[in-house]
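See structure below.
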Amino acid sequence: MENMLRSFIRDVPDFPEPGVIFKDITPALGDAGALVDIVEALAAPYVNEGITKVAGIESRGFILAAPVAMALGAGFVPLRKPGKLPYEVVREEYSLEYGTDALEMHVDAVDATDRVLVVDDVIATGGTAAAAARLLNRPGAHIVGMVVMVELTFLNGRAALNGLPMRALVTYGD
Ligand code: AMP
């Protein structure tokens with residue numbers, strides 16, 4: 001799985017800004033066999049965890065979270081950038097290198113009976129993932145864990161997660 005992923009994940013230097021090496025997952029998504037294998041690998045550790053909702057982080061997280069939710073027999077919850085969700089939202093801000101950003105979730109998307117898996121494509125500094133966890137905690141949902149395709153270990157995103165268990169299919173930087 002790791003070698004397959006490494007062959008399908010493309011480094012794009014200086015995107016979206018100078019100094020960032022962007023991990024482009026579109027070659028992996030575009031391969032029919034890889035797409036099935038990735039969704040199956042993301043979902044497999046959680047089949048017996050009683051997951052009721054899979055939360056995807058905008059926007060590449062959505063692509064993975066919906067089929068993972070189907071594989072687990074769970075619902076899908078979008079965590080979106082500000083102003084995108086139509087109904088009443090809760091909101092959590094997080095720091096970027098320059099300024100802040102935020103994630104929003106519909107107020108009724110999860111409740112205290114839910115067992116939630118959070119899905120994204122890449123974890124870098126962990127700021128986005130930590131904001132996602134804070135959002136889901138507000139209505140009292142139980143966050144079982146987080147799973148990503150790619151972990152950039154040199155940015156130490158795990159440390160931002162306050163002990164939330166996180167799995168990655170492939171790591172870069174160690
Ligand atoms: P962070 O909050 O720093 O962990 O950033 C995570 C979010 O930014 C994820 O939703 C990723 O999709 C995106 N991201 C950050 N760094 C990269 C990178 N080098 N390549 C691809 N996506 C990235």
Side-chain angles (χ1 to χ4, degrees), residues 1-31 34-35 38-39 41-43 53-69 76-85 89-106 109-110 116-138 143-174:
M1 169 60 63
E2 271 214 46
N3 286 341
M4 180 277 280
L5 281 174
R6 284 184 204 283
S7 72
F8 276 117
I9 293 169
R10 173 165 62 195
D11 281 1
V12 182
D14 299 320
F15 183 89
E17 53 189 73
V20 174
I21 300 175
F22 192 85
K23 294 294 181 192
D24 177 16
I25 65 165
T26 62
L29 299 175
D31 184 274
L35 181 59
I38 288 163
V39 170
L42 292 168
K53 294 280 192 331
V54 176
I57 300 176
E58 184 166 358
S59 59
R60 289 177 298 280
F62 294 170
I63 300 164
L64 300 167
V68 168
F76 166 75
V77 171
L79 307 181
R80 300 210 65 177
K81 295 291 169 59
K84 302 281 192 180
L85 287 168
V89 297
V90 284
R91 173 190 175 99
E92 287 285 342
E93 303 205 335
Y94 55 97
S95 305
L96 299 174
E97 195 174 353
Y98 303 109
T100 63
D101 207 341
L103 280 181
E104 294 181 346
M105 176 179 74
H106 276 153
V110 298
V116 183
L117 176 66
V118 182
V119 175
D120 204 356
D121 64 333
V122 175
I123 185 162
T125 66
T128 312
R134 292 197 302 277
L135 265 184
L136 292 158
N137 277 328
R138 279 168 62 168
I143 307 174
V144 173
M146 168 158 194
V147 66
V148 296
M149 275 178 69
V150 177
E151 178 183 6
L152 304 179
T153 51
F154 55 94
L155 294 172
N156 208 19
R158 245 170 230 278
L161 297 182
N162 291 317
L164 176 69
M166 200 255 297
R167 286 191 171 90
L169 301 187
V170 64
T171 62
Y172 289 86
D174 50 8

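In this chain, numbering begins with 1 at the start of the sequence shown. In each ligand, atom 1 is the first atom listed, and ligand 1 is the first ligand listed.
A donor-acceptor pair is defined here as one N or O able to donate and one able to accept, closer than 3.5 Å; such a pair exists between the side chain of R138 and the backbone of R91. The backbone N or O of S95 lies less than 3.5 Å from no partner atom in the side chain of T100, so there is not a single donor-acceptor pair. Looking only at distances, a side-chain donor or acceptor of D14 sits under 3.5 Å from a matching main-chain atom of G19.
The protein does not reach atom 8 (O) of ligand 1 closely, with no heavy atom under 4.0 angstrom from it.
Residue-ligand proximity, L152 to ligand 1, at heavy-atom distances under 4.0 Å covers atoms 19 (N). Those atoms of ligand 1 that come under 4.0 Å of a heavy atom in D120, given as number and element, are 9 (C), 10 (O). Near G127, meaning under 4.0 Å from any of its heavy atoms, are these atoms of ligand 1: 2 (O), 4 (O). Listed by number with element, the atoms of ligand 1 under 4.0 Å from a non-hydrogen atom of T128 are 1 (P), 2 (O), 5 (O), 6 (C), 7 (C).
For the pair R80 and E104, the salt-bridge criterion is not met [side-chain N within less than 4.0 Å of a carboxylate O].
The distance from the CG atom of L135 to the CD1 atom of I143 is 9.0 Å, given to the nearest 0.5 Å. The line from CG of L29 to CD1 of I38 is 6.5 Å long, rounded to the nearest 0.5 Å. Within the model, atoms OG1 of T171 and CZ of F154 stand 10.5 Å from one another, a figure rounded to the nearest 0.5 Å. Between L85 atom CG and E58 atom CD the span is 8.0 Å, to the nearest 0.5 Å.
Proximity annotation for atom 11 (C) of ligand 1: of D121, L103, I25, D121 comes nearest, heavy atoms only.
Looking only at heavy atoms of the protein, atom 20 (N) of ligand 1 is closest to K23 N, 2.9 Å. For atom 17 (C) of ligand 1, the closest non-hydrogen atom of the protein is V122 CG1, 4.0 Å. Closest to atom 19 (N) of ligand 1 among all protein heavy atoms lies I21 O, 3.0 Å. In terms of protein heavy-atom proximity, atom 3 (O) of ligand 1 is closest to T125 OG1, 2.5 Å. Atom 13 (C) of ligand 1 has as its closest protein heavy atom R60 NH2, 3.7 Å.
When only interatomic distances are considered, the shortest N/O to N/O separation between A124 and ligand 1 falls below 3.5 Å. Every N/O-N/O distance between A129 and ligand 1 stays at or above 3.5 Å.
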Check: Would R10 and V12 count as a side-chain contact (heavy atoms from CB on, under 4.5 Å) if you check the C-alpha gap in whole Å, the side-chain angles of each, and the deciding distance to 0.1 Å?
Finding: CA-CA 6 Å; R10 173 165 62 195; V12 182; 4.3 Å; yes

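Using 4.0 Å as the threshold, G157 has no heavy atom nearer than that to any atom of ligand 1.
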